[in-house]
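Structure first, commentary second.
No hydrogens, no waters, no symmetry mates; every other heavy atom, side chains included, goes into these values. Whatever order the structure lists them in is the order used to number ligands and atoms, beginning at 1.
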Amino acid sequence: MSIRLKSRKEINLMRAAGRIVHEVHNLCREMAVPGTTTRAIDDAAQKLIDARGARGLFKNYPTYKPGEGFPSTLCISVNECVVHGIGDDRPIQDGDVVGVDCGVQIDGWCGDAATTILVGDVAQDVRDMCAATEHCLQIAIDQIRPGKRWSQIARLMQKYAEDRGYGVVRDFVGHGIGSTMHEEPKVPNFVSRELLKNDIHLRPGVVLAIEPMLTLGSREVKTLDDGWTVVTLDGKASAHYEHTVAVTDRGAEVLTDGR
Ligand code: MG
Ligand code: MG
């Protein structure tokens, strides 16, 4: 496994991409009110990305079927949808949790981040799960420093989630990121034999997209017939938070927080 290390200059370019992602998140947060469709949010996100001279990384993202790439700009994943939801004409309803994942490239460098937007009167157990998922991401950010192994951090994230009864999704993980969206290594939110065998040694210049996905019920998921939309098998709600994070000699530098 080879991780491509990024220079300070490259990390700064990734931050410029991250700023646009952050702006898109803010736009989504403003727009995600009852009655608005996820398609309208997706269209507005595309316009903003175009206006910044950037390129959305998800649209037309290839699948194993030739000519059938991902159809929308954002992944918009509502309620039981975990990831890779497609914007459509269903209006958002009070009580929905709307996961928004956005990746852009500008000047050859990428940023990728996700957040879950709570719309109106969200059930308390779902609210708590969203907070726990965001906290798992914060654990990673707080723990990152050179010399650590990723498995040490993944263990803490997994423990925090499972101690509270949440499912930690196994089928999807974070990833290295740089001039392309998906680079080595795979960045799981749990400890596996595979990770322990092939651990990630954190050092300055490693840049990871860290993206915990938790479920209120079982951690099992399935993909719908559209070939993309991933939902929980038991139909219970799910949450997803992600930041692009650079390891520096001082710790973690979050590149998608809008700074
Ligand atoms: Mg993402
Ligand atoms: Mg990602």
Side-chain angles (χ1 to χ4, degrees), residues 3-4 6 11 14-15 17-29 32 38 41-42 45-46 48-49 54-63 69-78 81-87 97-106 109-117 130 133-134 136-138 140-141 144 150 153-154 157 168-190 200 206-214 221 223 228-230 238-247 252 254-258:
I3 301 178
R4 282 192 282 168
K6 279 78 187 181
I11 288 171
M14 293 183 75
R15 178 179 289 290
R19 253 183 232 123
I20 298 167
V21 170
H22 182 78
E23 241 189 301
V24 170
H25 282 190
N26 286 342
L27 174 69
C28 294
R29 224 171 264 120
T38 51
I41 295 175
D42 195 68
Q46 181 64 54
L48 177 55
I49 292 167
R55 184 173 76 84
L57 289 165
F58 300 169
K59 195 146 201 177
N60 302 318
Y61 192 88
T63 170
F70 188 72
S72 57
T73 298
L74 305 171
C75 293
I76 304 190
S77 307
V78 181
C81 181
V82 182
V83 286
H84 306 165
I86 298 165
V97 283
V98 180
V100 172
D101 194 349
C102 177
V104 310
Q105 185 185 47
I106 188 162
W109 292 89
C110 300
D112 180 12
T115 190
T116 299
I117 301 164
C130 290
T133 312
E134 195 169 17
C136 282
L137 177 55
Q138 193 58 48
I141 292 164
I144 281 176
W150 178 255
I153 296 170
M157 295 165 77
V168 178
V169 173
R170 297 296 198 273
D171 297 28
F172 297 90
V173 297
H175 48 94
I177 179 169
S179 55
T180 55
M181 177 167 58
H182 292 135
E183 295 185 356
E184 290 294 328
K186 287 184 180 133
V187 184
N189 305 297
F190 52 90
I200 306 162
V206 171
V207 183
L208 305 174
I210 301 165
E211 44 184 316
M213 290 154 246
L214 300 189
V221 300
T223 303
W228 290 105
T229 309
V230 176
S238 173
H240 178 211
Y241 290 80
E242 175 184 27
H243 271 307
T244 296
V245 181
V247 183
V254 179
L255 304 181
T256 41
D257 60 2

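Using modelled atom types, one finds a donor on one side chain and an acceptor on the other under 3.5 Å when comparing H182 with Y61. H175 and E211 are linked by a side-chain donor-acceptor pair at a separation below 3.5 angstrom, with hydrogens and angles left out of the test. Side chains of T116 and H240: a donor-acceptor N/O pair is absent below 3.5 angstrom, by distance only.
Annotation: side chain to side chain donor-acceptor pair (under 3.5 Å) contacts of S77 (sequence neighbours excluded): none. In this structure, the salt bridge (charged side-chain N to carboxylate O under 4.0 Å, His left out) partners of R170, at least two apart in sequence or on a different chain, are E162. Listed by chain and number, the residues in a side chain to side chain donor-acceptor pair (under 3.5 Å) with S72 amount to none (sequence neighbours excluded).
Around the Mg ion (ligand 2), protein atoms of type N, O or S found under 2.8 Å number 4.
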